[in-house]
Protein chains: 2
Amino acid sequence: MSRSVNAREKLLDAAVRLVRAKGFAATTVEDLCGAAGVTKGAFFHHFPSKEALGVAAAGHWSAKTGALFATAPYQQVEDPLERLLAYLQFRRDILGGELCEFTCLAGTMLQEVYAEHPAIAAACHESIASHAATLEPMISAAMQARGLDPGGSSTGWTASGLALHSQVVLQGAFILAKGSGGPAIARDSIDHLVRYIRLLFAAVNASPHSSP
Amino acid sequence: MSRSVNAREKLLDAAVRLVRAKGFAATTVEDLCGAAGVTKGAFFHHFPSKEALGVAAAGHWSAKTGALFATAPYQQVEDPLERLLAYLQFRRDILGGELCEFTCLAGTMLQEVYAEHPAIAAACHESIASHAATLEPMISAAMQARGLDPGGSSTGWTASGLALHSQVVLQGAFILAKGSGGPAIARDSIDHLVRYIRLLFAAVNASPHSSP
DNA sequence: ATTGACATACCAACCGGTTGGTATCAATGA
DNA sequence: TCATTGATACCAACCGGTTGGTATGTCAAT
């Protein structure tokens with residue numbers, strides 16, 4: 001243990017940075033080592049393969065983003081629906097700087113390696129799904145507060161489904177942002193999502209019923 | 001010209017298939033040649049580089065999907081809003097079979113290569129943007145039919161913005177589908193998008209303006 | 001005989017992974 | 001106290017298969 005938990009940590013940080021910027025396949029082991037300031041020997045000491053690093057990087061990403069969201073200001077908002085909307089506003093606010101600085105490692109890797117490296121894909125999916133799960137309590141509470149059935153039998157949608165839909169919008173927004181070279185489209189899409197959620201909860205407030 | 005427009009076309013078809021399944025970097029030139037039943041000589045006769053094939057494949061994809069959508073049944077729907085919703089239903093209906101059969105080549109490649117191969121990324125973006133543009137007339141017409149301002153100054157959103165948002169949802173849905181191993185999440189997200197659009201147009205319908 | 005459409009054979013660079021070794025430290029025991 | 005042991009962390013050099021790309025040849029049609 002002694003001197004370096006460093007090398008492993010530095011490799012994971014480098015992986016998050018480089019893979020977000022260049023993709024998994026285009027990032028070579030030597031790229032990683034160079035960015036982390038270690039040698040290839042260190043790499044294969046800590047990870048049995050490049051694929052294993054990919055899996056670990058997804059976990060590292062989960063931990064980092066988990067900490068970011070756990071301490072984000074939106075968590076302090078009392079009302080569940082407003083907290084959810086504040087979460088989306090927070091997601092909107094952090095869309096800045098270079099593309100590779102605000103896009104999602106998990107979504108990027110998942111899309112690229114889902115067929116070739118199922119283990120990495122599973123780790124990425126877990127990262128996205130567990131983040132989505134943190135939204136469910138807000139949505140369920142908001143539904144209950146407005147007399148909606150969180151199970152979905154009366155609304156046609158569920159708390160977990162809406163939570164995943166939010167992630168769908170965010171992931172899709174990152175793709176279009178990469179295409180257009182900036183976050184403007186992503187902001188616009190988050191605005192649409194916010195508008196949707198407002199309408200969802202407002203609509204049922206106004207009328208006792210709704211179904212497809 | 002003579003004997004084979006074949007090789008080039010077969011290589012492009014193979015590229016659409018393989019790149020969707022394995023990603024651009026993971027698909028080797030020899031994979032492509034093998035799948036197309038030609039040799040490497042033919043490959044580099046028709047394309048100066050692998051990157052050039054990527055660009056051409058994006059164009060090929062645009063042409064193929066363009067034809068698919070141009071002849072799709074939803075085009076026959078009279079009412080613009082209903083036509084838009086029928087389009088989304090059509091997108092929902094074609095989510096079947098293997099993942100790589102219904103996901104979008106443009107979105108997959110764009111996400112993977114946007115930094116390393118800007119030319120490919122631009123072609124992919126063009127593919128997505130031009131498809132989104134086919135939705136704009138429906139949205140604008142639907143807005144006008146309901147007395148909305150298609151420019152967005154009164155609604156906070158525009159026809160082109162909503163068209164792009166639809167693509168955002170679809171692209172994001174493909175990512176989550178790859179993560180969960182099936183199209184269920186994607187269907188659910190399209191349902192949310194349909195519900196959003198219904199609410200969007202219904203909400204303004206209910207307010208002081210026009211009625212059918 | 002020239003050109004376009006391929007095929008065959010080949011190469012140099014690259015890349016993931018291995019090997020064999022060194023530095024450091026903690027625990028052990030004489 | 002200090003040599004020994006063993007385990008961990010790391011380094012430098014190397015290896016062999018793969019990959020994008022090339023050089024050269026063939027053949028049919030103009």
Side-chain angles (χ1 to χ4, degrees), chain A residues 1-19 21-58 60 109 112-121 123, chain B residues 1-19 21-58 60 109 112-121 123:
Chain A
M1 283 161 209
S2 67
R3 255 267 28 77
S4 52
V5 169
N6 268 344
R8 188 189 154 90
E9 204 76 7
K10 285 194 290 187
L11 280 167
L12 289 173
D13 284 337
V16 168
R17 233 179 318 130
L18 293 185
V19 173
K22 316 202 308 173
F24 181 75
T27 302
T28 70
V29 173
E30 275 171 353
D31 285 343
L32 264 351
C33 294
V38 302
T39 63
K40 221 189 273 196
F43 183 101
F44 285 99
H45 172 71
H46 288 286
F47 306 100
S49 67
K50 190 190 177 189
E51 182 175 32
L53 170 106
V55 174
H60 189 62
M109 281 180 82
E112 181 185 348
V113 306
Y114 84 100
E116 299 285 285
H117 301 284
I120 300 180
Chain B
M1 285 164 212
S2 65
R3 262 260 41 73
S4 54
V5 170
N6 268 344
R8 187 189 154 93
E9 204 75 7
K10 284 195 289 185
L11 279 167
L12 289 174
D13 283 337
V16 168
R17 234 179 318 130
L18 293 185
V19 173
K22 318 203 306 175
F24 181 75
T27 302
T28 72
V29 173
E30 275 171 356
D31 285 342
L32 264 352
C33 294
V38 303
T39 63
K40 221 188 270 197
F43 183 102
F44 286 100
H45 173 72
H46 288 287
F47 306 100
S49 66
K50 190 189 175 189
E51 182 174 33
L53 169 105
V55 174
H60 190 62
M109 280 180 82
E112 180 184 348
V113 307
Y114 84 101
E116 299 284 287
H117 301 285
I120 300 180

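Order of the sequence lines fixes the chain letters, A, B, ..., with proteins taken first and strands second; residue numbering starts at 1 for each chain.
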Under 3.5 Å, which protein N or O atoms sit close to an N or O of nucleotides 7-10 of chain C? Give each pair with its distance.
from: C/dA7; atom 1: OP2; to: B/Thr39; atom 2: N; distance (Å): 2.9
from: C/dA7; atom 1: OP2; to: B/Thr39; atom 2: OG1; distance (Å): 2.8
from: C/dA7; atom 1: O5'; to: B/Thr39; atom 2: OG1; distance (Å): 3.4

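Nucleotide D/dA9 holds its P atom 13 Å from the CG atom of A/Leu11, rounded to whole Å. Taking atom CZ of residue B/Phe47 and atom P of nucleotide C/dA5, one finds them 12 Å apart after rounding to whole Å. When rounded to the nearest whole Å, the span between CD of A/Glu116 and P of D/dT18 equals 14 Å. Taking atom CZ on A/Phe44 and atom C1' on C/dG21, their separation rounds to 18 Å, with Å as the unit. Nucleotide C/dG17 holds its P atom 8 Å from the CZ atom of A/Phe43, rounded to whole Å. We find that CZ of A/Phe24 is positioned 14 Å from P of C/dC15, with the value rounded to whole Å. If you measure from atom NE2 of A/His45 to atom P of C/dT22, you get 17 Å, rounded to the nearest angstrom. Going from atom NZ of B/Lys50 over to atom C1' of C/dC14 covers 14 Å, rounded to whole Å.
To the nearest 0.5 Å, atom CD of residue B/Glu112 and atom CD of residue A/Glu112 are 4.0 Å apart. B/Lys50 NZ to B/His117 NE2: the interatomic distance, rounded to the nearest 0.5 Å, is 7.0 Å. Note: A/Leu11 CG to A/Glu9 CD = 10.0 Å, rounded to the nearest 0.5 Å. Between the NE2 atom in A/His46 and the CZ atom in A/Phe44 there is a gap of 12.5 Å [rounded to 0.5 Å].
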Distance-only criterion, 3.5 Å: show the donor-acceptor pairs between side-chain atoms of residues 29-38 of chain B and protein atoms not counting sequence neighbours.
from: B/Glu30; atom 1: OE2; to: B/Lys40; atom 2: NZ; distance (Å): 3.1
from: B/Asp31; atom 1: OD1; to: B/Thr28; atom 2: OG1; distance (Å): 3.4
from: B/Asp31; atom 1: OD2; to: B/Lys22; atom 2: NZ; distance (Å): 2.9
from: B/Asp31; atom 1: OD2; to: B/Thr28; atom 2: N; distance (Å): 3.2
from: B/Asp31; atom 1: OD2; to: B/Thr28; atom 2: OG1; distance (Å): 3.3

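Of the listed nucleotides (C/dC15, D/dG21, D/dA9), D/dA9 has the atom at the smallest distance from the side chain of A/His46.
Summarising the geometry of B/Ile120 relative to B/Gly54, their closest heavy-atom pair is CD1-CA, 3.9 Å, with the distance given to 0.1 Å.
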